[in-house]
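Read the structure below first, then the notes.
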Amino acid sequence: MINSPRKFVLVILSVFLDPSWATTVEQHLQMGTQMLRAGNLGEALNHYHAAIEGNTKNYIAYFQRATVYLALGRHRQALSDLESVISLKPDFHQARSEKVGVLIKRGSIEDAKMELEKLMKSDLDRAQDHLRSIPVLAQSIEDGDSFFENSDYANAIDSYDKAIEIAKWDVSLREKRSECYLKLGNVVSAISDVRAVAKLTNDNTDAYLKLSKLHYFMGEEEESLKEIRECLKLDQDHKECHAHYKKVKKLAKFLSTAQDRVNEGDYHGAIDKLHAAQKVESAEPKIVLKVNSRLCLANKQASESAACIETCTKVLESNSQDIEALTNRAECHILAEDYESGVVDYKEAVNINPDNRGSKEGLKRAERLLKLSKKRDYYKILGVPRNASKQQINKAYRKLARELHPDKFPDEKEKAEAEKKFIDLAAAKEVLTDDEKREQFDNGEDPLDPETEQGRNFHQHFHGFPFGGDGQQFFFKFG
């Protein structure tokens, strides 16, 4: 016994929605109609299936099921049901009119004309709309084919557009239009049409293979992999799909792993994976460009200035307007202490996009570094790279301090020169072992410039030459 109003409602609803409860064809038809009106197409279809199983001669059940199939875009099944309706009840003019409409949308002009002639004899009013659309469709297809043969692809597309508005399920029209788009270099629109072809036809391995290759051509390896898998779902032994799948899968894996390495800060690991990707694909321009773009960045992050400049240059040979490649190459020129080239690249980036804040700030810094390079370069004084660690800097300082200590030079002229170099050594050590001062210097400002307060303080308080090493401290005194 149901002792809860809520449970009672749930039981009633479950019976109401379950097709098995209906015991007569009429009940299934009623429930199917209610589900159809409610937009529940799946349940409606289940009831119409049950109604037809109960009575294969019920033309209303076939017609209603055809209505659901059309709503679901399953025009082949709808056409089959409409033919069953006409066979069972030839004077059901609405079914014949629906059949003509389906044939027109499929682009089956001759079949549509034959059915239309029969419809005109019995129901001229229903035939009127079809009478207007068939000539327009036929003429549009004829014009499109003529334009295509004459390599007038833009006008061919316009004509096929008109035809597809009428015959939206005609696969051949979309295939023709996709070819036109490809001739004009509009790969994105071509992909859209080929995808529609894949959906409109069953088991179309060729369409999925073409989709995969188009995405690959666009440099979209993940999308390419997705589509080629659809091909193999339909035919796991498809040789061309399998060969393409192996290649794309390998490339996608290398690129994905390279990105993981970048995210982890392992830039040399990323570079290795990107070089592996280059071995998989060295000919497809957009894939090659993508790999070089990532190598450009990874080499910069890894402070591999020469490799960075080389790969960034390859990117810019393909796309001279690539701001990211320009700014990355600028940074690598700076890393290689070629400040003039860094300024040139940053200027070009600013010219391309004057509103890009990063490019403008980078240009100012490059110009300061160029100006500074004509004065004292603390990295050069110590003979260390710009990305040297504090340990490397201290080691270089101790070595040079021993070599250049003025006490080692009895000749007054040599001693004076050594004193000057020793002062520069001390200044270099002070700046490059102090994080704040080093950052200032790396940004093109000398914190020990005599014109600045810090610089004046350094020169005022420098009275001797600290010579450190192995826990000892030595001083060279003036006079």
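Positions are given from 1 along the sequence.
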Test His215 against Lys226 for side-chain contact (heavy atoms from CB on, under 4.5 Å), laying out the working first.
-> CA-CA 10 Å; His215 279 297; Lys226 175 184 172 184; over 6 Å; no
Run the side-chain contact (heavy atoms from CB on, under 4.5 Å) check on Asn40 and Gln34 step by step: do they pass?
-> CA-CA 9 Å; Asn40 194 338; Gln34 289 180 35; over 6 Å; no
Measure the [atom1]-[atom2] distance between [X] and [Y] for me, rounded to the nearest 0.5 Å.
{"X": "Cys296", "Y": "Ile309", "atom1": "SG", "atom2": "CD1", "value": "10.0 Å"}
{"X": "Leu363", "Y": "Arg368", "atom1": "CG", "atom2": "CZ", "value": "10.0 Å"}
{"X": "Gln64", "Y": "Thr33", "atom1": "CD", "atom2": "OG1", "value": "4.5 Å"}
{"X": "Thr311", "Y": "Asn299", "atom1": "OG1", "atom2": "CG", "value": "4.5 Å"}
{"X": "Leu41", "Y": "Leu72", "atom1": "CG", "atom2": "CG", "value": "5.0 Å"}
{"X": "Lys437", "Y": "Leu432", "atom1": "NZ", "atom2": "CG", "value": "11.0 Å"}

Walk me through it: do Leu45 and Arg74 pass the test side-chain contact (heavy atoms from CB on, under 4.5 Å)?
-> CA-CA 12 Å; Leu45 198 58; Arg74 295 162 63 177; 3.7 Å; yes
Closer than 3.5 angstrom, by distance alone: can the side chain of [X] be matched with the main-chain N or O of [Y] as a donor-acceptor pair?
{"X": "Ser282", "Y": "Lys279", "answer": "no"}
{"X": "Ser178", "Y": "Glu175", "answer": "yes"}
{"X": "Ser159", "Y": "Asn155", "answer": "yes"}
{"X": "Ser140", "Y": "Val136", "answer": "yes"}
{"X": "Ser192", "Y": "Val188", "answer": "no"}
{"X": "Glu26", "Y": "His28", "answer": "no"}

Tell me, do [X] and [Y] make a side-chain contact under 4.5 Å, heavy atoms counted?
{"X": "Asp158", "Y": "Asp161", "answer": "yes"}
{"X": "Ser293", "Y": "Glu324", "answer": "no"}
{"X": "Leu36", "Y": "Tyr48", "answer": "yes"}
{"X": "Phe254", "Y": "Val291", "answer": "no"}
{"X": "Leu232", "Y": "Leu234", "answer": "no"}
{"X": "Leu335", "Y": "Ser303", "answer": "yes"}
{"X": "Asn58", "Y": "Ile52", "answer": "no"}
{"X": "Ser97", "Y": "Asp123", "answer": "no"}

Closest non-hydrogen atom pair between [X] and [Y], with its separation:
{"X": "Leu182", "Y": "Lys210", "value": "CD1-CE, 4.1 Å"}
{"X": "Tyr208", "Y": "Ala198", "value": "CZ-CB, 3.8 Å"}
{"X": "Pro90", "Y": "Ser87", "value": "CD-O, 4.2 Å"}
{"X": "Ile157", "Y": "Cys180", "value": "CG1-CB, 3.5 Å"}
{"X": "Gly219", "Y": "Lys290", "value": "O-NZ, 2.7 Å"}
{"X": "Ala51", "Y": "Val25", "value": "O-CG2, 3.7 Å"}

Listed by chain and number, what are the disulfide bond (SG atoms under 2.5 Å apart) partners of Cys308, not counting sequence neighbours?
-> Cys332
Check: Phe148 ring centroid to Tyr153 ring centroid under 6.0 Å = yes
Would you call the rings of Tyr216 and His244 parallel, tilted or perpendicular if under 30° counts as parallel and over 60° as perpendicular?
-> perpendicular
Any idea how Tyr59 and Phe92 line up, ring-wise: parallel (<30°), tilted (30 to 60°), or perpendicular (>60°)?
-> perpendicular
Can you list, pair by pair, the side-chain donor-acceptor contacts under 3.5 Å of residues 104-118, counting residues two or more places apart and other chains?
from: Arg106; atom 1: NH1; to: His75; atom 2: ND1; distance (Å): 3.0
from: Glu115; atom 1: OE1; to: Arg96; atom 2: NH1; distance (Å): 2.7
from: Glu115; atom 1: OE2; to: Lys99; atom 2: NZ; distance (Å): 3.2

Heavy atoms from other residues, nucleotides or ligands near CD of Gln128 exceed 12 (cutoff 6.0 Å) | yes
Whether over 12 other heavy atoms sit under 6.0 Å from Glu361 CD = yes
Determine, for [X] against [Y], whether the closest basic-nitrogen to carboxylate-oxygen distance falls under 4.0 angstrom.
{"X": "Arg329", "Y": "Glu317", "answer": "no"}
{"X": "Lys213", "Y": "Glu240", "answer": "yes"}
{"X": "Lys168", "Y": "Asp170", "answer": "no"}
{"X": "Glu310", "Y": "Lys314", "answer": "yes"}
{"X": "Asp435", "Y": "Lys390", "answer": "yes"}
{"X": "Lys233", "Y": "Glu230", "answer": "yes"}

Atom pairs and distances, side-chain donor-acceptor, residues 264-274, under 3.5 Å, sequence neighbours left out:
from: Asp266; atom 1: OD1; to: Gly269; atom 2: N; distance (Å): 2.9
from: His268; atom 1: NE2; to: Glu304; atom 2: OE2; distance (Å): 2.9

Could you give me the CA-CA distance, side-chain angles and deciding distance for Asp442 and Tyr379, then say whether side-chain hydrogen bond (donor to acceptor under 3.5 Å, both in side chains) is met?
-> CA-CA 10 Å; Asp442 286 343; Tyr379 291 104; 2.7 Å; yes
Just grab all the ring pair (Phe, Tyr, Trp, His ring centres under 6.0 Å) pairs involving residues 320-373, residues at least two apart or on different chains.
-> none
Do the side-chain N and O atoms of Gln278 and Asn292 include a donor-acceptor pair separated by under 3.5 angstrom?
-> yes
What pairs with Asp355 under side chain to side chain donor-acceptor pair (under 3.5 Å), at least two apart in sequence or on another chain?
-> none
Full working for side-chain contact (heavy atoms from CB on, under 4.5 Å) between Ile191 and Leu211 = CA-CA 6 Å; Ile191 286 174; Leu211 268 178; 3.7 Å; yes
Which disulfide bond (SG atoms under 2.5 Å apart) pairs, counting each pair once, include a residue from residues 184-280, with sequence neighbours left out?
-> Cys231-Cys241
Verify side-chain hydrogen bond (donor to acceptor under 3.5 Å, both in side chains) between Asp81 and Gln77, making sure each step is shown before the conclusion.
-> CA-CA 6 Å; Asp81 274 357; Gln77 292 96 324; over 6 Å; no
